[in-house]
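Source: prediction; values computed, not measured. Atoms within each ligand, like the ligands themselves, are counted from 1 in listed order.
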Amino acid sequence: MASFRGFRGNDAFGSEAWKALCRVREAAPLIQCITNFVSMDIMANTVLAAGASPAMVHAIEEIAEFTALANAVCINVGTLSPEWIFAMKAAASRANDLKKPWVLDPVGVGATTFRTEKCLELIALRPVVIRGNASEIIAAIGASVEPTRGVDSTLPSKDALEAAKELARASQSIVAVTGAVDLVTDGKRVLGVSNGVALMQRITATGCAVTALIAAFVAVHPGRPLEAAAFALALFGLAGEIGMEKASGPASLRVHLLDALHSLDEVTVISRIKIAQI
Ligand SMILES: Nc1ncnc2c1ncn2[C@@H]1O[C@H](COP(=O)(O)OP(=O)(O)O)[C@@H](O)[C@H]1O
Ligand SMILES: Cc1ncsc1CCOP(=O)(O)O
Ligand SMILES: [Mg+2]
């Protein structure tokens, strides 16, 4: 991975991340989530713990009205089926028409032809942010050497840095690839986020949850989606680190992570956020 350069110091990013979290808490943006059945609970609880307001609304009959109410939309293809695709595309298009941000989690892209086709169609609708693990981001630019193995990554995030940049340039979206270090890029700039603990990978749908959190931060930071995504990832990772101080395994980490996210304070955020320009 490229070495860290242009390091701004954690204080500058930390205080901006804190301000962004305060804005989420004050504005409580409404986040429409069209997501998989596995993730619904942890996603809604993550968005709530951060101070925003989640709503899992995916019926095609409700999209026109509900997307108009939402401040941002999170679209996740985890438990994809053909009828859901109509709702996903309708919500993405409605959000675009209304100039509201939407983010995409291309869960398992590259695993099957159907999933890959649908993810590419969604990417063509221009999400503001695409967040996936390394295997997914590499698959999204068609550079995998073998099909994605289910929903979990077989590769570290650093292996997907060039793919993330290429995808960002091609899609004109911000691309975030998660792992031990989360990498967020617009195709030129790269922010590296090193908050988090490895056990977060052992809880299902932490990736899905943080994608919805990114939607909440983008909603209150519309002009700066690169930084908004990095702040959401750093704060979620920091909540994982604090949660880990009390956890004894994945199940208790899930609980303590949510508690920690809810209780984050200024001193902790400013002193412990780890974001660097790479
Ligand atoms: N080895 C690791 N060390 C620290 N944090 C991690 C690690 N792996 C994943 N995470 C964190 O777990 C969350 C989910 O990421 P990831 O597992 O890559 O997504 P997905 O669940 O979509 O595969 C992210 O917040 C990420 O930063
Ligand atoms: C296990 C599973 N199967 C389909 S979606 C899903 C959840 C995936 O969540 P994440 O990508 O955040 O681990
Ligand atoms: Mg995922």
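Taking atom 2 (C) of ligand 2 as the reference point, the nearest protein heavy-atom neighbour is Val38 CG2, 3.8 Å. For atom 9 (O) of ligand 2, the nearest non-hydrogen atom of the protein is Cys208 SG, 3.1 Å. Considering only non-hydrogen protein atoms, atom 4 (C) of ligand 2 sits nearest to Gly78 O, 3.5 Å.
Residue Ser153 has no N or O atom closer than 3.5 Å to an N or O atom of ligand 1. Considering backbone and side-chain atoms alike, Asn133 places an N or O below 3.5 Å from some N or O of ligand 1. Taking distance alone, with nitrogen or oxygen atoms compared against 3.5 Å, Asp182 approaches ligand 1 more closely than that limit.
Arg272 places no side-chain N or O within donor-acceptor distance of the main-chain N or O of Leu235, the cut-off being under 3.5 Å. A donor-acceptor pair under 3.5 Å is absent between the side-chain atoms of Ser173 and the main chain of Arg126, judged by distance alone.
Taking CG of Asp182 as the reference point, atom NZ of Lys274 lies at 12.0 Å (rounded to 0.5 Å). Remark: Leu258 CG to Ile42 CD1 distance equals 6.0 Å, nearest 0.5 Å.
Each of the atoms 12 (O) of ligand 2 lies under 4.0 Å from some heavy atom of Gly207. Annotation for ligand 1: atoms under 4.0 Å from non-hydrogen atoms of Gly196 are 4 (C), 5 (N). Using a 4.0 Å cut-off to heavy atoms of Ala205, the atoms of ligand 2 that qualify are 9 (O), 10 (P), 12 (O), 13 (O). Proximity to Thr204 (heavy-atom distance under 4.0 Å) selects the following atoms of ligand 2: 1 (C), 7 (C).
Close to ligand 1: Val197, with a non-hydrogen atom less than 4.0 angstrom away.
Taking the ring centroids of Trp84 and Phe114, they lie at or beyond the 6.0 Å cut-off.
Distances from atom 6 (C) of ligand 1 to the heavy atoms of Gly179, Ser135, Gly240 put Gly179 nearest. Among Ser194, Ala180, Pro106, the residue whose heavy atom lies nearest to atom 2 (C) of ligand 1 is Ala180. For atom 18 (O) of ligand 1, the choice among Ile137, Val210, Thr178 with the nearest heavy atom turns out to be Thr178.
Heavy-atom contacts from other residues, nucleotides or ligands closer than 6.0 Å to CD of Glu83 number more than 12.
Applying the side-chain contact (heavy atoms from CB on, under 4.5 Å) test between Met88 and each of Ile63, Asn76, Leu80 identifies Leu80 as the sole match.
Proximity of Arg202 to ligand 1, defined as any heavy-atom pair under 4.0 Å, is not found for any part of the residue.
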